[in-house]
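Below is one structure, written out as structure tokens; the observations come after it.
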Amino acid sequence: MPELPEVEVVRRSLASLVGGRLAGVSGHPIRLRRPLDPDSWCEQLAEARLEEVGRRGKYLLLSFGAHTAVLHLGMSGRLLLGAPGFPEPAHTHLRFHFDDGRELRFVDPRRFGMGELVPAEELGRWPWLASLGEDALQGDVRGALDRVLPRSRSTVWSGLLNQKVLAGVGNIYANEALHRAGIRPLRNARGISRPARTQLADAVKAVLAEAVEQGGTTLADGGFVDGSSQGGYFAVRLRVYAKGGTPCIQCGEKITRLQKHGRPVFFCPRCQR
DNA sequence: ACTCGCCTGTCG
DNA sequence: CGACAGGCGAGT
């Protein structure tokens, strides 16, 4: 569910925890994308202070001095701030107990998420972070697309979704950026001209920045919420995603929906060439 | 470069 | 009840 903007919104919603000290970590061992053992987190983090909440692509980084908690929300993950006595959602796998009584809960029904506790000095070498490409919000998006797309044998849509190229773009924003740039998702990446790549890079940055401003995309199912359980408002600005059959906002043509690698792709057959 | 599988919840 | 969902890595 959460792509870069949603993770960034969560990151910002946790700002009030920064500087706080842990009183403990709890939960039951469970298999997420990797096994999670809350007891070992509790031992290693002891009474650590939360120094910073960072983000790389779709990964959240909670820096506790000697260790960094690396969290990925997968499709259904949430990080929720709770007050003492606040009822706890189902599928709460991990709780950070702060010494002011507040709790940060990692909730993930579908268990596609992940939590890893990494020694700070190993963070840069940690494989899943190390393989990430340019951050799609803050990095050199144009440079990354210029380097990779002309040599890619895949579609431009796949290229945007490839986290080794750009870190943070998921299916919603890939579709939206391609519409804004007037590019058909399933075109060969190497056939995209340099000016079109520049437009695409600008569109990626613009759509992500706008989505962050709007608090992220919360679709009708209410999936995404920030740390305070607030949804975002970008869904009303979506131009193609989940809009198959409805008129294009720019030209009135019906939005096409098709399926690629089992995932939905949306585009306007008139505006996007 | 593509397919599959990991899970639960929700919707038609 | 089946189809489908925002992701991603392993295996082919």
Side-chain angles (χ1 to χ4, degrees), chain A residues 1-10 28-36 55-60 70-79 89-93 106-116 126-133 136 148-149 151-178 185-191 204 207-208 211-212 214-226 231-245 257-266:
Chain A
M1 134 196 317
E3 306 181 22
L4 186 151
E6 289 73 38
V7 178
E8 177 62 17
V9 167
V10 170
H28 292 291
I30 189 166
R31 257 200 116 68
L32 303 181
R33 291 198 58 81
R34 296 170 62 86
L36 178 68
R55 181 190 58 73
R56 268 300 307 284
K58 301 175 195 172
Y59 289 86
L60 264 180
V70 180
L71 300 174
H72 193 293
L73 302 179
M75 300 270 268
S76 59
R78 295 176 169 188
L79 273 179
H91 308 289
T92 299
H93 304 308
F106 182 38
V107 181
D108 184 12
R110 252 180 110 179
R111 295 198 250 147
F112 285 6
M114 166 168 93
E116 281 277 295
W126 196 63
W128 292 351
L129 284 183
S131 66
L132 289 181
V148 173
L149 295 191
R151 292 164 190 78
S152 165
R153 275 163 297 170
S154 176
T155 63
V156 61
W157 173 74
S158 287
L160 290 181
L161 291 175
N162 185 344
Q163 303 298 299
K164 293 173 182 153
V165 179
L166 289 183
V169 179
N171 202 27
I172 293 179
Y173 299 108
N175 278 278
E176 292 298 310
L178 286 160
L186 301 186
R187 280 185 58 191
N188 284 329
R190 73 183 122 172
V204 166
V207 73
L208 295 178
V212 171
Q214 296 301 311
T217 298
T218 301
L219 294 173
D221 62 14
F224 163 71
V225 294
D226 72 6
Y233 299 95
F234 195 72
V236 299
R237 307 239 191 148
L238 294 175
R239 301 182 188 181
V240 290
Y241 188 83
K243 297 203 176 291
R257 176 199 203 272
L258 38 81
Q259 198 91 4
K260 181 83 178 168
H261 309 159
R263 311 188 69 188
V265 181
F266 302 90

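Residue numbering restarts at 1 for every chain, and letters A, B, ... go by the order of the sequence lines.
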Please enumerate all residues that pass salt bridge (Lys or Arg N to Asp or Glu O under 4.0 Å) together with [X], with sequence neighbours excluded.
X: Arg187(A); answer: none
X: Arg237(A); answer: Glu210(A)
X: Glu8(A); answer: Arg11(A), Arg12(A), Arg55(A)

Are Tyr173(A) and Glu6(A) close enough, and set up right, to give a side chain to side chain donor-acceptor pair (under 3.5 Å), and what steps lead you there? CA-CA 11 Å; Tyr173(A) 299 108; Glu6(A) 289 73 38; 2.5 Å; yes

Sorted by chain and residue number, the ring-ring contact (aromatic ring centres under 6.0 Å, His included) partners of Phe106(A) (sequence neighbours excluded) come out as none

Picking from dG6(C), dC2(B), dA5(C), which would you name as closest to the side chain of Glu3(A)? dG6(C)

Which one, dG6(C), dC2(B), dA5(C), comes nearest to the side chain of Gln259(A)? dA5(C)

Please enumerate all residues that pass side-chain contact (heavy atoms from CB on, under 4.5 Å) together with [X], with sequence neighbours excluded.
X: Arg111(A); answer: Ile30(A), Leu32(A), His93(A)
X: Phe112(A); answer: Met75(A), Arg110(A)
X: His28(A); answer: none
X: Val107(A); answer: Arg78(A), Leu80(A), Pro89(A), His91(A), Thr92(A), Arg105(A), Pro109(A)

Could you list, one pair per line, each protein nitrogen or oxygen that sits under 3.5 Å from a nitrogen or oxygen of nucleotides 8-12 of chain C, together with the distance?
{"from": "dC8(C)", "atom 1": "OP1", "to": "His72(A)", "atom 2": "NE2", "distance (Å)": "2.7"}
{"from": "dC8(C)", "atom 1": "OP2", "to": "Lys58(A)", "atom 2": "NZ", "distance (Å)": "2.8"}
{"from": "dG9(C)", "atom 1": "O4'", "to": "Arg33(A)", "atom 2": "NH2", "distance (Å)": "3.1"}

Between [atom2] on [N] and [atom1] on [X], what's the gap in Å once rounded to a whole number?
X: Phe266(A); N: dG6(C); atom1: CZ; atom2: P; result: 8 Å
X: Met75(A); N: dA5(C); atom1: CE; atom2: P; result: 8 Å
X: His93(A); N: dC6(B); atom1: NE2; atom2: C1'; result: 13 Å
X: Arg257(A); N: dA3(C); atom1: CZ; atom2: P; result: 14 Å
X: Leu149(A); N: dA1(B); atom1: CG; atom2: P; result: 12 Å
X: Asn162(A); N: dC2(B); atom1: CG; atom2: P; result: 12 Å
X: Tyr173(A); N: dG6(C); atom1: OH; atom2: C1'; result: 9 Å
X: Phe224(A); N: dG6(C); atom1: CZ; atom2: C1'; result: 11 Å

With Arg239(A), which residues qualify under side chain to side chain donor-acceptor pair (under 3.5 Å), at least two apart? none

Classify every nucleotide of nucleotides 7-12 of chain B by which part a protein heavy atom approaches to under 4.0 Å, writing B for the base, S for the sugar-phosphate alone and - for neither, in 5'-to-3' order. BBS---

Sticking with atom C1', work out how far dA1(B) lies from dG6(C), rounded to a whole angstrom. 22 Å

What stems, by residue range, does DNA chain B take part in, given at least 3 consecutive Watson-Crick or G-U pairs under 3.5 Å? B:1-6 with C:7-12, B:8-12 with C:1-5

Does the side chain of Asn175(A) come within less than 4.5 Å of Val265(A)'s, by heavy atoms? yes

